[in-house]
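Report on the following structure.
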Amino acid sequence: MKMSLKVERIENYLEELYPDAYCELHYTKDYELLLAVMLSAQTTDKRVNQVTHVLFQKYDTLEKLKGASVSDLEKIIKEIGTYHKKALFLKEIATILVDEFDGKMPYDRKELESLPGVGRKTVNVVLGELGVEPAIAVDTHVERVSKRLMLAKDDDSVLEVEKKLQKSFKKECWVKRHHQLIFFGRYHCKAIKPDCENCKLKDFCRETKKKKKVLARK
Ligand code: SF4
């Protein structure tokens, strides 16, 4: 099947399943989104929302967050992974934004990536979600699903996956496709026990091909 037809079928199926896919992290201020995405590494959005519900109420300005004790931040976010490091990042980011950016979050990719604990994936989520620039953030779900659907190779790096997805989808759809691929990986094509029986994308799925090969050998 031609790549463009395959991509069209994937897009149609994502639209059918998740026409309104969205960012599941809770935030009311732009910098809160940045902090929430940073906190979401190696944990679920649900857990992040539970801790940020308390964190963003208690420390409702960057100045207050800058003045917080790391031990109190650790206490608030201890339910999520690597919380020692993340508590330090929270305080450091708030300090830098207050001292060097006049208390505002920058919208420049390089400036954002210079912040502690903030990498390319986090910046892609933030800039895409806030409508600053189209972006596809490749998290664990997006990477797994893209490789299973042969939109990328098994040994591609995260950056290579991102570049291939950018080529596959129209730029104006990048943010939506990013959310849809996350929903697809989170609720349908799960890491363990994906719902292959009810999946309309079996025909060009690497996982299905692997299973068929194993069955043929038996
Ligand atoms: Fe995922 Fe299974 Fe569908 Fe392949 S067939 S995309 S592994 S749910």
Side-chain angles (χ1 to χ4, degrees), residues 20-143 158-159 162 166 171 174-183 186:
D20 303 313
Y22 57 94
C23 174
E24 292 189 298
L25 290 168
H26 297 166
Y27 66 98
T28 55
K29 299 167 188 156
D30 291 357
Y31 77 79
E32 287 183 353
L33 173 65
L34 172 70
L35 299 178
V37 181
M38 181 276 289
L39 291 173
S40 72
Q42 293 155 5
T43 190
T44 62
D45 286 2
K46 197 173 164 196
R47 281 199 172 170
V48 172
N49 289 336
Q50 281 164 356
V51 302
T52 54
H53 179 69
V54 178
L55 179 75
F56 294 157
Q57 261 187 11
K58 182 164 185 184
Y59 297 103
D60 59 355
T61 65
L62 281 169
E63 285 77 9
K64 285 185 194 170
L65 194 55
K66 177 188 167 185
S69 74
V70 173
S71 61
D72 190 46
L73 297 177
E74 284 179 344
K75 209 160 80 184
I76 295 171
I77 66 165
K78 69 177 186 302
E79 296 305 320
I80 61 173
T82 58
Y83 68 94
H84 291 299
K85 203 170 63 179
K86 288 174 181 172
L88 279 175
F89 288 157
L90 283 173
K91 190 171 166 77
E92 286 172 3
I93 292 173
T95 304
I96 294 170
L97 294 185
V98 169
D99 294 348
E100 296 174 29
F101 291 92
D102 204 19
K104 294 183 187 85
M105 189 192 83
Y107 296 89
D108 174 82
R109 179 176 284 278
K110 279 200 178 144
E111 286 176 337
L112 282 168
E113 280 185 15
S114 73
L115 297 169
V118 178
R120 184 175 178 86
K121 188 208 82 178
T122 300
V123 173
N124 281 345
V125 175
V126 171
L127 296 182
E129 173 69 9
L130 297 177
V132 178
E133 66 177 52
I136 300 184
V138 180
D139 73 349
T140 177
H141 297 298
V142 176
E143 182 180 4
V158 169
L159 186 59
E162 183 187 324
Q166 286 178 341
K171 202 168 187 175
W174 285 358
V175 176
K176 190 172 195 192
R177 297 291 172 254
H178 152 75
H179 289 314
Q180 289 173 324
L181 288 171
I182 289 180
F183 270 50
R186 200 174 272 164

Smallest separation among heavy atoms of Leu112 and Met105, with atom names: CD2-CG, 4.0 Å
Do the charged groups of Arg186 and Glu24 touch, with an N to O distance under 4.0 Å? yes
Specify the closest pair of heavy atoms between Ala137 and Val125, including all atoms of both residues, with the distance to one decimal. CB-CG2, 3.4 Å
Could you please spell out the steps behind the side-chain contact (heavy atoms from CB on, under 4.5 Å) verdict for Glu113 and Arg120? CA-CA 7 Å; Glu113 280 185 15; Arg120 184 175 178 86; 3.9 Å; yes
Looking at Leu62 and Ala94, what are the two nearest heavy atoms and their distance? O-CB, 3.8 Å
For the student: nearest non-hydrogen atoms of Val126 and Leu34, plus distance: CG2-CA, 3.8 Å
Glu74 bridged to Lys86 by N-O distance under 4.0 Å: no
Phe89 versus Leu115: any side-chain heavy-atom pair under 4.5 Å? no
Is there a side-chain contact between Leu90 and Ile77 in this structure, where contact means two heavy atoms from C-beta onward sitting under 4.5 Å apart? yes
Ser114 side chain vs Glu111 backbone, donor-acceptor pair below 3.5 Å: yes
Within-4.5 Å side-chain heavy-atom neighbours: Thr44 and Arg47: yes
When you compare the side chain of Tyr107 with that of Leu130, does any pair of heavy atoms fall below 4.5 Å? yes
Partner of Pro134 by side-chain contact (heavy atoms from CB on, under 4.5 Å), out of His178, Lys171, Lys176: Lys171
Does the distance from a Lys or Arg side-chain N to an Asp or Glu carboxylate O, for Asp102 and Lys104, drop under 4.0 Å? yes
For Ser69, side chain to side chain contact (heavy atoms under 4.5 Å, CB included) partners two or more places apart: Ser71, Asp72
Are any non-hydrogen side-chain atoms of Val51 and Leu55 less than 4.5 angstrom apart? no
Approximate separation, where rounding is to 0.5 Å, of Leu33 CG and Ser40 OG: 9.0 Å
Min side-chain heavy-atom separation Lys58-Ile76 under 4.5 Å: yes
Can you check side-chain contact (heavy atoms from CB on, under 4.5 Å) on Leu88 and Val70, steps first, answer last? CA-CA 6 Å; Leu88 279 175; Val70 173; 4.0 Å; yes
Is any side-chain heavy atom of Lys121 less than 4.5 Å from a side-chain heavy atom of Val138? no
Pairwise distance CD(Glu129) to CG(Asp30) - rounded to 0.5 angstrom: 9.5 Å
If you round to the nearest 0.5 Å, how far is OH of Tyr83 from NZ of Lys75? 12.0 Å
What distance separates Met38 CE from Ile93 CD1, expressed to the nearest 0.5 Å? 4.5 Å
Flag the pair Leu73 / Tyr59 as yes when at least one side-chain heavy-atom distance between them is below 4.5 Å, and no otherwise. yes
Should Asp99 and Lys66 be marked as a salt bridge (Lys or Arg N to Asp or Glu O under 4.0 Å) after you check the CA-CA gap, both sets of side-chain angles, and the distance that decides it? CA-CA 10 Å; Asp99 294 348; Lys66 177 188 167 185; 2.9 Å; yes
Would you check if the side chain of Lys91 reaches a backbone N or O of Ala68 as a donor-acceptor pair within less than 3.5 Å? yes
Main-chain N/O of Lys64 paired with Thr61 side-chain donor or acceptor, under 3.5 Å: yes
Which residues pass the side chain to side chain contact (heavy atoms under 4.5 Å, CB included) test with Glu133, not counting sequence neighbours? Arg109, Leu127
Is there any ring pair (Phe, Tyr, Trp, His ring centres under 6.0 Å) pair reaching into residues 21-53, and which pairs are they, with sequence neighbours excluded? Tyr22-Phe183
So which heavy atom on Leu97 is nearest to which on Pro106, and how close? CD2-CD, 3.6 Å
Worked check of side-chain contact (heavy atoms from CB on, under 4.5 Å) between Leu181 and His141: CA-CA 7 Å; Leu181 288 171; His141 297 298; over 6 Å; no
Test side-chain contact (heavy atoms from CB on, under 4.5 Å) applied to Leu39 and Thr122, Ile80, Asn49, the passing residue: Ile80
